[in-house]
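Numbering of ligands and ligand atoms starts at 1, following listing order. A quick note: this is a predicted structure, and the numbers were derived from the prediction, not measured.
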Amino acid sequence: MKGKKPNRKLKLTIPEEEKPVSNYLTASGTFQDGDLLLNKKGLRLKSAVDCAPKSGEHSDDVKGLEFHLEDLETVKVIGKGSGGVVQLVRHKWTGTFFALKGIHLNVQEEIRNQIAQELRINQASQCPQVVICYHSFFHNGIISMVLEYMDRGSLADILRQVQTILEPYLAVVCKQVLKGLVYLHNVKRVIHRDIKPSNLLVNHKGEVKITDFGVSAILASSMAQRDTFVGTYNYMSPERIIGGSYDYKSDIWSFGLVILECGIGRFPYVPIDQEGWPSFYELLEAIVEQPPPAAPADQFSPEFCSFISACVQKEPKLRSTAAELLDHPFIKKFEDKDDDFRILVENLETPFNVGL
Ligand code: ATP
Ligand code: MG
């Protein structure tokens, strides 16, 4: 029956901000954390689902928040991470595309709580530089998250196509990621913990958005014991590697490494003359013991070199904040390049080989 409603318009409302309330698990297996309800039927934000439709909206529009896995048909698998697969899916009623990220979970209660926190942060995000998580399902040990589909993939996907990203474009990327980080750090008060090229997604409109809070980092740490390590620690700050306390500045280190990698076209800790990657331990030792990497002054502008240096200081206190970096001369220098970046990504192929 649902398939006979092709013109029905699904309006996806971004849920409201969370309120801090204690969490608990009911006898029926529903996990409640504040306004977030999670059970085998899926995840709901009570405040968003229960609220009356605003004027001009149909009640069905608000029900859009309650769609279920059976309403989504798979188009193709578009990515694989350490925790599961990401599929491009189409909502049967509306034809809208989403990315459905499945994460296999075999975790204890406390980790599930952390994941619930991530979901709540995602769902409540009202920031254009953060990937929207419209809905989530938790069933049979798999969390499925219905995410905004970013049709140009991640910065990692883009780097595979273009090898390096020129400074004017990088400044546009930086501006957007920094706005997302300002939101996470200053408004949401969360540390992302896993800033890396595959977690910065791009669409054909030239928008760059941050995705994946906490979940992949949690999975990676639980997998580290199991010999399935795939490099999540590459962008980790020295203070985290040595097991010290860390804060928002840890994200700035990771961000600086990512941007430097985009500029020079290789992971900064892989020496140009060396074949392959350093071993896991060599890498960690290099991050902790060696001076931080820098942009080569003969290939990059002084503004870019100074920007990278402001991010990858080994001493966290010496690193700039996301808000300070937004005012950096490197960002100011290319303030008017948004359209050029949009045209660049518009002309890139979608890395997923799907003709939509
Ligand atoms: P890890 O799991 O080790 O952290 P990862 O970030 O690459 O690695 P996923 O988050 O599962 O793993 O994502 C895998 C890939 O799926 C990404 O690199 C990207 O190409 C694609 N992807 C993820 N989310 C989206 C999305 N919302 N829109 C489009 N593509 C996406
Ligand atoms: Mg990811």
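Classified by interplanar angle (parallel below 30°, tilted 30° to 60°, perpendicular above 60°), the ring pair Phe341/Tyr169 is tilted. Aromatic ring orientation, Phe304 versus Phe330: perpendicular (interplanar angle above 60°, classes split at 30° and 60°). A perpendicular orientation is assigned to the rings of His91 and Phe98, their planes being inclined by more than 60° (bins at 30° and 60°).
The Mg ion (ligand 2) lies at 2.8 Å or more from every N, O or S atom belonging to Thr211. Within the coordination shell of the Mg ion (ligand 2), defined by N, O or S atoms under 2.8 Å, Asp212 is present.
Closest heavy-atom approach to atom 31 (C) of ligand 1 within the set Leu100, Val86, Val85: this belongs to Val86.
We find the OG-OH distance between Ser198 and Tyr235 to be 8.0 Å, quoted to the nearest 0.5 Å.
Interface atoms of ligand 1 facing Asp212, defined by a heavy-atom separation under 4.0 Å, are 6 (O), 10 (O). Within ligand 1, the atoms closer than 4.0 Å to a non-hydrogen atom of Lys196 are 1 (P), 3 (O), 4 (O), 6 (O), 8 (O), numbered from 1 in the order shown. For ligand 1, the atoms sitting less than 4.0 Å from at least one non-hydrogen atom of Lys101 are 9 (P), 10 (O), 11 (O), numbered in the order shown with element in parentheses. The atoms of ligand 1 that sit less than 4.0 Å from any heavy atom of Gly79 are 15 (C), 16 (O). Close approach of ligand 1 to Asp157 (heavy-atom distance below 4.0 Å) involves ligand atoms 19 (C), 20 (O). Atoms of ligand 1 lying under 4.0 Å from any heavy atom of Leu201, numbered from 1 in the order shown and given with element: 24 (N), 25 (C), 26 (C), 27 (N).
Close N/O approach between Lys80 and ligand 1 is not found [any backbone or side-chain N/O within under 3.5 Å].
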Next item on the list: Verify side chain to side chain contact (heavy atoms under 4.5 Å, CB included) between Leu260 and Val312, making sure each step is shown before the conclusion.
Entry: CA-CA 10 Å; Leu260 181 55; Val312 292; 5.6 Å; no
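The backbone N or O of Pro316 sits nowhere less than 3.5 Å from a side-chain atom of Glu239 that would complete a donor-acceptor pair. Side-chain atoms of Lys314 come within 3.5 Å of backbone atoms of Val288 as a donor-acceptor pair (strictly under, hydrogens ignored).
With a heavy-atom cut-off of 4.0 Å, Asn199 touches ligand 1 through its side chain alone.
In this structure, Ile78 has a heavy atom closer than 4.0 Å to ligand 1.
Side-chain polar atoms of Asp251 and His192 form no donor-acceptor pair below 3.5 angstrom.
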